[in-house]
Structure formats: C-alpha cells, structure tokens
Student: 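The structure's right below; bear with me while I get my questions together.
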Amino acid sequence: MSKLDFLTFTLAAMFPACAAAQTNETAKLLQELIRIDTSNPPGNEAAMAAFLKTKFEPLGFQIDIYPTPDAKKAQFIARLKGDGSKKPILLAAHADVVGVEREKWSVDPFAGVIKDGYVTGRGAIDFKGGLAVFAQAVMMLAKNKIHLTRDVIFLSEADEEGGQYNTMWLSKDHWDKMDCEFSLNEGGWIIKNPDGTVRYVSISTADKSGVSLLVTARGTSTHSSMPRPDNAIFTLSKAMAKIADYDTQPKLIESTREFFTTLEKTSKPPMSTYFHDLVNSDDAAAVKKADQAISQDPLLHAIMRNTIAPVFLNAGFRGNVIPGSAEATLNLRTIPGTNTEELISEMKAVINDARVDVTVAAGRAGMPGGAAYAEYQKMAARLTPSTKDSELFRVLVQQSNAIFPGVPVTTYLFQAGTDSAAWRSRGIPVYGIYPYPISAEDLTRMHGNDERVPVDSLQQGTDLIYNTLLKVAAQ
Ligand SMILES: [Zn+2]
C-alpha cells in the first residue's frame with residue numbers, strides 16, 4: 001500500500017459519507033462497463049449481468065439473473081438486505097446502449113478510455129455512467145457495512161433502447177423482485193455553466209409518452225397516363241405541408257412550470273423575460289414571442305408541448321399506376337394527460353381535407369396492435385407524474401443542496417420515454433437523474449459521437465447518490 005493509498009483509505013474509514021476515495025472507483029467501473037459492448041441491437045446485456053455478478057456477489061448481495069427468450073439478453077437484480085422496517089428502494093439503470101458510427105469517433109467507443117479528464121465511450125452519459133454511479137453507491141453501503149432499514153435493490157436493465165425484454169416484460173412475472181416504495185432511474189440533468197459551475201439540478205418526475213398516427217390520403221387508382229386531380233400522393237403532400245407549417249401550443253404541467261421558472265432565475269435578459277412570459281403571461285402575443293425564442297433549443301421546444309415528427313412515408317407500387325392511397329406515419333411525443341382522440345381531432349383540423357384520414361397507427365411503427373393497444377392505452381393513462389411529497393425526493397433535494405450549495409433544484413419532464421413505466425403505472429414514484437454535472441456541449445454527444453462524462457462529475461454523482469441512500473435507507 002502506497003502512502004497515498006493509505007491516506008485515502010484512512011479518510012474513507014474516518015468519513016464514510018465522503019466518497020472521495022471511491023471516486024476513481026466509479027470512473028474505473030465505468031471504463032469496465034463501456035468495454036462490454038452492449039449496443040442494442042443485439043444488446044448483449046447477459047454479458048453485463050455476468051460481469052456485475054462478480055462485483056456484487058462477493059459483497060453479500062442476493063443476486064437474481066433473469067434470462068430472456070433471447071439468450072444474449074438478461075435482467076440483473078442485486079439486493080442488499082435491510083432489517084425490513086421500511087419498504088425497499090430500487091435503483092435502476094439500463095445496460096444497453098445505442099450503436100455507433102465508429103469512423104466518426106476520435107477514440108475506440110468501446111475501449112473505455114480516459115482522455116482530458118473525461119471517461120469517453122458509448123454510454124458514458126446514457127446510461128452506463130448512471131449505472132456506474134448507482135452500482136458504486138449501492139456497493140459502498142455493503143463495503144462500509146451500513147445497517148439498512150430497507151432493502152436496497154439494484155437493477156441493471158435490458159432492452160431500454162429498443163426490444164421487448166425490458167422492465168415491463170420483467171414486471172409481468174417478477175414484480176415481487178422489483179416492488180419498492182420509490183425508485184431512481186435516468187431522467188433529469190445536472191447542467192453546468194460554461195465556467196464549470198453547476199447551473200441547476202433537475203429531477204424528472206414524469207416522462208413524455210408517445211403515440212404514432214397514420215395519415216392516409218385517398219384518391220382514384222388509375223393508369224398513370226391519365227392523371228386526375230384527386231391524386232393521393234399530391235393530397236398527402238399538401239396535408240404534410242400543412243403539418244410542417246403547424247406547431248402545437250405550449251402545454252405546461254407542474255414540473256415544467258417549475259423547470260422554466262428555474263431557467264428564468266438562472267438566465268439573463270432577454271431569455272429570462274421569455275421564460276417568465278412563457279410561464280406567467282396572459283398575453284398571447286408575449287407567449288408566442290417567448291415560445292419562438294425558447295424553441296430555438298429543440299429540447300426546450302419539446303418539453304413544453306406535444307411534438308410531431310413524420311417518420312415514414314409510403315405510397316405507390318408500380319411505375320405506371322397512380323396509387324389509390326398514400327400514407328405517412330407521424331410520431332408524436334406527448335405531455336402527460338394528453339388525450340389521443342383530441343390529438344387526432346387536432347391533426348384533422350390542421351389538415352382540413354375530407355380525403356385525408358388520421359388514425360392511430362396500431363400494430364405499426366412501434367405501436368402495439370389489437371388487444372395489446374387497448375392494454376397499452378390503459379397503462380399509459382395510469383402514468384401520472386410522481387409526487388414531490390416523498391422521503392426520497394426531499395432527501396435528493398437536501399443532498400443536492402449540500403453538494404451544490406446555492407444551486408436551484410427543480411422538477412423536470414423527461415423529453416422521451418424511459419423504462420420507468422413499470423413502476424409509475426403501478427403508482428410507485430420514480431425520480432430520474434443523470435447523476436453527474438455535464439455541460440450543454442457534453443449533452444449533445446449523447447447518442448452521438450465521442451460521448452463522454454467528466455471524471456470528477458462521477459465523483460460528485462456518487463457522493464449525491466450515496467449520501468441520499470444513507471439518509472433514506474439507513475436511518
Ligand atoms: Zn437512456
């Protein structure tokens with residue numbers, strides 16, 4: 001043992017709540033996680049489960065690995081037993097990542113390199129960084145022999161980035177292993193200013209939902225040598241042009257009101273005025289002006305409204321036939337509480353053409369069909385935002401204030417879907433956080449090239465989560 005190792009060892013023993021000695025451990029763990037290529041498809045999360053078992057089992061965790069019909073995929077659960085006086089807390093992180101355009105990376109995306117103070121590799125932010133932080137914080141409870149009042153469950157998820165063997169699949173047969181009082185997952189951001197200080201901490205209490213709609217234009221099917229005015233492809237094109245020129249109205253909910261108010265407090269004019277007007281103004285012109293300015297940022301544009309994105313076009317089958325119909329599929333990402341029928345009426349009103357119909361794209365474009373769609377709708381209706389009135393939320397805010405003094409903490413609406421529906425649809429609060437301060441520039445690399453997370457941010461995240469667990473599960 002070197003002198004330095006001895007010093008850090010002693011400090012860790014004296015101040016168990018201070019994770020400084022463990023920080024390099026989180027970065028090192030993240031390097032190892034990145035080296036297991038879990039690009040989905042195919043996923044390969046079974047290899048991750050086998051690796052995690054070697055880390056957790058020697059520390060006394062109860063391990064459950066659930067194989068899926070796809071032999072390369074598995075769900076991994078590690079449980080550290082408490083005295084049972086409170087219901088468990090669960091920390092969930094998806095093990096799969098999206099694929100890479102390898103030639104566009106400056107380093108091997110699966111080598112887990114540390115470069116310029118960053119761990120760089122696919123999943124560094126989404127969500128192997130979070131998996132490393134959650135795993136490290138949970139393992140520290142065992143290493144430091146903390147007496148727990150509740151079980152602490154760590155779940156490494158398969159198929160979050162796509163595929164069917166996700167947490168919903170797991171919950172059908174193994175809900176008893178996932179049941180908890182509340183849980184942590186991916187979601188909000190800890191955003192840094194250009195000078196490196198933390199601007200705000202956001203914790204997601206809800207995710208946007210999604211629905212795909214089919215826009216179908218009809219016309220006369222006939223020989224292409226004698227075109228008629230009711231050509232389905234032209235009709236669809238005109239309908240799509242109207243949708244392209246249209247945008248939905250801002251629709252704020254409690255979490256986004258709080259979020260935009262936080263942005264107001266942490267911005268300078270004129271942006272602070274725009275954020276203020278978006279939340280508070282009754283003047284439609286002022287709100288419109290604010291919306292236009294704020295919507296320059298695609299993320300902010302997305303979290304304040306239902307978004308519309310065309311994703312497929314389909315028409316025609318022969319060079320000498322005018323087809324009788326033409327279709328476009330729209331993927332809409334919706335604010336919690338949005339009614340699909342109202343959304344369809346809105347799209348029909350925008351198109352305003354009796355030859356064009358809008359329906360749910362059931363059974364296509366990722367939407368379940370038939371009875372499964374009805375089941376999906378019922379489940380989606382139960383996805384209400386998680387309460388701020390819980391011990392876990394309060395402690396997260398408190399610990400965030402301790403680590404980032406003076407930095408506002410706000411709720412947030414996650415702009416996409418996550419694997420939290422398995423819990424939220426059962427009324428169990430889920431709080432989402434990417435537990436590491438990152439810059440807006442780092443954020444653009446997520447799902448992109450040279451994805452990276454600062455090494456020191458992993459330390460701060462581990463401190464935040466470990467200290468939160470000490471309060472919530474050990475007192
Ligand atoms: Zn993710």
Side-chain angles (χ1 to χ4, degrees), residues 26 29-30 33-34 36-45 48-49 52 73-76 90-100 109-110 112 119-137 154-170 178 183-191 201-210 298-299 302-303 331 333 366 383 386 412-424 430-438 440 442-453 457-458 461 465:
T26 305
L29 178 60
L30 175 55
L33 300 179
I34 289 171
I36 303 168
D37 182 351
T38 52
S39 300
N40 190 6
N44 206 22
E45 299 95 334
M48 179 64 82
L52 290 171
K73 295 180 184 295
Q75 300 275 2
F76 172 90
L90 179 140
L91 296 88
H94 64 87
D96 57 332
V97 294
V98 293
V100 294
F110 300 103
V119 180
T120 304
R122 174 55 85 224
I125 294 178
D126 184 21
F127 187 63
K128 284 183 174 170
L131 200 154
V133 167
F134 288 174
Q136 189 62 26
F154 172 82
L155 166 59
S156 165
E157 307 168 351
D159 272 0
E160 194 275 343
E161 298 285 9
Q164 54 180 316
Y165 304 120
N166 52 19
T167 52
M168 273 297 189
W169 175 84
L170 184 68
M178 306 158 65
S183 83
L184 288 176
N185 207 309
E186 63 185 350
W189 309 103
I190 306 175
I191 293 292
V201 175
S202 63
I203 301 168
S204 63
T205 49
D207 297 338
K208 284 183 86 177
S209 292
L299 172 64
I303 66 169
N331 185 245
R333 298 302 179 105
L383 293 177
S386 299
Y412 181 68
L413 169 64
F414 193 62
Q415 70 276 8
T418 70
D419 251 357
S420 63
W423 294 272
R424 277 212 186 97
V430 181
Y431 304 106
I433 190 161
Y434 287 79
Y436 13 77
I438 55 169
D442 294 334
L443 186 52
T444 63
R445 297 165 181 248
M446 186 172 106
H447 284 212
N449 306 318
D450 282 357
E451 184 178 350
R452 63 184 197 174
V453 65
S457 294
L458 291 165
I465 301 303

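First listed ligand is number 1; within each ligand, the first listed atom is number 1.
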Student: Hey, is the Zn ion (ligand 1) within less than 2.8 Å of some N/O/S atom on Glu161?
Tutor: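 Here the distance criterion (N, O or S atom, under 2.8 Å) is not met by Glu161, so no.
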Student: Is Glu160 close enough to the Zn ion (ligand 1) to have an N, O or S atom under 2.8 Å?
Tutor: no
Student: Using the six-membered ring wherever Trp is involved, compare the ring planes of Phe127 and Tyr436 and label them parallel, tilted or perpendicular (cut-offs 30° and 60°).
Tutor: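 Tilted: the ring planes of Phe127 and Tyr436 meet at 30° to 60°.
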Student: Where the Zn ion (ligand 1) is the centre, what is the OD1-to-OE1 angle for Asp126 and Glu186, rounded to 10°?
Tutor: 100°
Student: Angle class for the Trp189/Tyr434 ring planes (parallel below 30°, perpendicular above 60°, tilted otherwise)?
Tutor: parallel
Student: Name whichever N, O or S atom of His94 ends up nearest to the Zn ion (ligand 1).
Tutor: NE2
Student: Which residues pass the salt bridge (charged side-chain N to carboxylate O under 4.0 Å, His left out) test with Asp419, sequence neighbours left out?
Tutor: none
Student: Would you call Arg122 and Glu451 a salt bridge, using N to O less than 4.0 angstrom?
Tutor: yes
